[in-house]
Amino acid sequence: MGKHKKIAKSNLIFDGLVNLVMILVLLVCLLPFIYMIAMSLSDPAAIMNNEVTFWPKRLNLSSYRQIFSYPNFFRAYGNTFFYTICGTAFSLLMMIMLGYPLSKDFLRGNNFFMKMVILTMFFSGGLIPNYLLISYLRLTGTRFALLIPFAINQFNLIILINFFKTIPVELEEAALIDGMSYWKLLWKIVVPLSKPAIATIGLYSAVFFWNDWFNSLIYLNSNQYPVMLYLRNIVNGTMMVGEAAGSADKSTIAISVKAAVIIVSTLPIICIYPFLQKYFVKGMTVGSVKG
Amino acid sequence: MKKSKLLSLILTASLSVTMLAGCGNSGNDSQTDANPPAEQGDDASAKTDAGQETETSQTEGETTAEGEDAESMYAGEDPLKIAVYYSDNSTLPFKEDWLTVKAMEEKYNVDVSWEIIPIADYNTKVSLALNTGTNAPDVILYQTTVGENASLALNGALVPVSDYEQWTPNFTERVKEFGLEDAVEAKKLQDGKLYYMPSLTDKPFYDGGLILREDFLEAKGLSEPKTFDDLYEILKAYKEENPDSYPLTILAGPRVLYRMTMPSFGISVGKNSSSGTSVLSWDYENNKYFAAATSDELKEYLTFFHKLYEEGLLDPEMADPIDSDTWSQKMATGYSCATYAYYDQIGGVESAAAQEGFKLQMYAPLEGPSGAHHQPKSSLGSGIMFPAATAKRDDFERIVRTIDAMFFSEEAAKIWCLGIEGETYTESGDTITYSDEILNAADGVYKYMQVQYGCGSDVTQMVWYNAREMSKYDENYAKINEQVAAMDNAIQDIPPSVDFDDLQAEDASSLQTPLADNLEVWLDGFLTGSKSLETDWDAYVGEMNNLQIDSFCQMYNDALK
């Protein structure tokens with residue numbers, strides 16, 4: 001009995017410690033975010049006078065009004081949603097269709113294709129050859145320039161393949177014996193069983209498409225630009241050319257506007273996490289060990 | 001074992017293949033670049049012929065119609081369709097329905113497809129378009145031919161504008177009007193051709209400099225500072241009153257202080273040196289470069305500012321970049337009373353300051369050992385260039401003529417600056433009166449006209465008349481500018497550029513980099529006192545000599561045009 005209590009006590013201390021650490025971690029992640037929210041909602045003068053900490057001073061929505069009034073802001077935001085949703089969907093489709101056959105060891109040439117995939121993980125043509133390739137394929141200036149070249153991410157593909165490998169062969173055999181085709185097998189049995197892995201790589205893809213600005217910059221026309229490109233410009237646009245003695249040091253953007261930009265650009269993608277979390281926790285480690 | 005060996009062999013092979021492929025590609029790439037020049041050369045000569053033909057027919061037109069400008073020439077035709085790269089600054093986001101933009105498109109019968117590219121990524125996009133030659137626009141705004149663009153131009157990626165002088169009458173006229181022939185001549189590349197049409201300014205503006213708390217001067221009965229010693233006295237007085245303060249702070253970092261104050265000491269070194277060499281300066285009396293980084297002038301300069309630093313008069317945080325937010329904070333809260341910054345920013349600080357009577361004022365350059373000078377300025381700014389592919393268009397002549405008229409003609413210059421008469425302003429004699437809406441704008445005339453109408457944007461306004469610009473600012477600003485203009489050469493010219501070939505340019509830059517880096521380290525050291533100006537100066541000069549500052553200087557003097 002006494003022994004039992006002792007364990008409970010040390011457990012309690014341990015739990016307390018764990019909780020403490022977790023709270024610290026939480027604060028480290030959360031405080032910058034709260035700070036940014038507070039800044040974005042404060043009066044610029046209050047920020048300049050160093051009065052803002054974690055609570056907005058003199059509530060003021062003008063910074064949001066300013067960024068929302070940027071011409072084309074909503075079109076750019078729409079573009080971003082388009083790339084994120086279509087890009088992720090297309091990417092998942094392609095990766096599932098490539099990953100499933102590659103997960104089958106009996107497929108001839110499997111090794112060769114796998115090595116080709118891995119090869120491209122380490123070697124690439126570089127910026128200008130890539131640009132020329134995309135340009136010769138007549139993809140520049142079309143939205144496909146963002147969807148097709150980035151449909152397959154090798155790292156995500158490997159996670160997916162390894163996950164497919166953990167699905168018991170017996171399940172598939174049973175389905176095959178019952179007369180199911182491989183196509184149907186993939187969509188009716190394998191994909192539903194692979195939700196954690198798909199959610200994980202889906203999230204990775206979504207975050208990639210959401211954050212990407214460079215590829216859009218080089219391949220697309222300005223009316224197809226995602227919002228990230230504009231926001232990036234607002235946050236550090238005037239700093240970038242600082243070496244060009246003069247005009248760059250002249251124009252400034254209030255920090256409250258920058259804060260608002262940061263909030264606007266991160267909030268939607270952060271909102272996805274809670275919905276995917278239950279898969280995500282499992283998905284992070286799945287695929288790592290073959291069952 | 002054998003297998004892994006094989007694998008590593010394959011990987012190495014593929015590595016070298018990809019690398020070679022990369023080379024091959026870029027080789028091809030430069031060939032595609034190199035090809036057009038030949039082609040384009042032919043093309044260009046063909047075009048010039050054609051141009052001359054049309055030119056002769058034009059001259060007839062000219063003699064009859066007088067209105068030889070692009071506006072009347074192409075009035076009846078279909079709108080000219082061109083794609084234009086525009087560098088977009090988020091402090092002034094581009095709007096396609098700006099009054100100026102619409103007026104231009106209508107007046108010159110053009111249908112512009114504007115590619116609005118964020119300024120931070122503008123050079124990347126331009127460089128990609130010029131390097132690959134694919135998907136290039138017809139016209140690129142806001143560029144110069146320094147650095148990469150120069151070699152791209154020499155390799156045929158750009159149209160030599162000077163070859164088509166007969167199509168750019170307005171540009172030529174404005175250059176003559178402002179007396180900038182020599183300056184434009186200096187912008188020509190090694191092959192003697194000009195590859196862009198720079199923006200032109202008749203008299204440089206004094207848009208930034210020493211900014212002080214005028215209310216403090218008044219309260220203390222101090223007079224306006226004329227020399228650096230006056231400044232010292234003012235800072236000292238402020239420090240006495242506010243012992244916790246650091247009276248002088250700098251926007252952005254030491255480079256702003258250096259570039260704005262060094263000319264009064266006869267030098268300009270550091271990251272923003274007016275010569276662009278970091279370590280050399282132009283001797284305006286003897287017309288040659290000298291090694292300013294090891295000169296006594298620099299020593300004298302540093303002695304003064306080290307004194308400020310030591311006595312706590314100079315903001316110790318200035319070694320780190322001070323961004324504009326922190327800077328405004330310092331000024332608004334009274335942490336500092338003086339700064340080197342830009343006039344445009346005064347308003348923001350004043351409106352944020354809580355202290356009653358808070359008033360900032362900008363002052364003319366202070367007098368130092370070499371007179372009172374501000375940062376030297378060029379009358380030529382970023383301008384317009386045409387990618388090589390544009391010259392292949394059948395309507396190339398019309399494009400050049402239209403662009404020339406659209407940005408450099410008298411009427412166009414007025415629209416880009418003032419908007420449309422009757423709508424945004426009225427003019428009687430020499431006085432310009434803005435509409436009530438503009439005059440009552442909270443942001444001030446200049447900013448409001450920029451944001452609302454697209455007037456006065458660096459990207460599109462190519463012709464700047466000082467007097468006309470001043471009508472947009474408050475009287476105070478105009479007064480200071482007048483005062484500075486009346487001073488003896490307060491804003492000197494940018495030192496002349498030199499003519500290096502590719503090899504020399506590389507030699508020069510390999511000498512420059514270590515010199516510049518070393519200078520930065522020592523400048524910091526001397527300023528903050530971690531290095532003594534008395535005991536360590538000789539060691540520093542020795543180091544710079546070892547890094548061949550003299551032969552670097554010699555290279556520049558030898559290559560003077």
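Side chains included, hydrogens not; waters and symmetry mates left out as well; all remaining heavy atoms used. Every chain is numbered from 1 and lettered A, B, ... according to where its sequence line falls, protein lines coming before strand lines.
Top candidate by heavy-atom pairs under 4.5 Å with chain B, chosen from Ile67(A), Asn221(A), Asn72(A), is Asn221(A).
The distance from atom CD of Glu115(B) to atom CG of Leu220(A), rounded to the nearest 0.5 Å, is 9.5 Å. Taking CG of Leu128(B) as the reference point, atom CG of Leu217(A) lies at 8.0 Å (rounded to 0.5 Å). For the atom pair CD1 (Ile218(A)) and OG1 (Thr124(B)), the distance works out to 9.0 Å, reported to the nearest 0.5 Å. Separating the OH atom in Tyr136(A) from the OG1 atom in Thr132(B) is a distance of 8.0 Å, to the nearest 0.5 Å.
The ring pair (Phe, Tyr, Trp, His ring centres under 6.0 Å) check on Phe164(A) picks up Tyr100(A), with sequence neighbours excluded.
Environment of CZ in Phe113(A): sparse, with no more than 12 heavy atoms of neighbouring residues, nucleotides or ligands closer than 6.0 Å. Applying the 6.0 Å contact sphere to CE of Met121(A) captures more than 12 heavy atoms from other residues, nucleotides or ligands. Enclosure of atom CZ in Phe68(A) by more than 12 non-hydrogen atoms of other residues, nucleotides or ligands within 6.0 angstrom is indicated. No more than 12 heavy atoms of other residues, nucleotides or ligands lie within 6.0 Å of NZ in Lys102(B), so this atom counts as exposed by the packing criterion. For Phe144(A), the CZ atom sits in a loose shell: 12 or fewer heavy atoms of surrounding residues, nucleotides or ligands are nearer than 6.0 Å.
Contacts of residues 205-216 of chain A with chain B at a heavy-atom distance below 4.5 Å involve Trp213(A), Phe214(A), listed in sequence order.
Tyr225(A) touches chain B through its side chain: at least one heavy atom from C-beta onward sits under 4.5 Å away, while N, CA, C and O do not. At a 4.5 Å heavy-atom cutoff, Tyr122(B) makes no contact with chain A through either its backbone or its side chain. For a residue to count as touching a neighbouring chain, one of its non-hydrogen atoms must lie under 4.5 Å from one of that chain's; by this rule Leu127(A) touches chain B with the side chain only. Heavy-atom distances place no part of Ile118(A) under 4.5 Å from chain B, backbone and side chain included.
In plain terms, the two heavy atoms of Ser222(A) and Trp114(B) that are nearest each other are OG-O, 3.6 Å.
Proximity of Thr140(A) to Thr134(B): side-chain heavy atoms (C-beta onward) are nowhere separated by under 4.5 Å.
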Task: Test side chain to side chain contact (heavy atoms under 4.5 Å, CB included) applied to Tyr131(A) and Asn135(B), step by step - done: CA-CA 10 Å; Tyr131(A) 180 83; Asn135(B) 305 307; 3.2 Å; yes
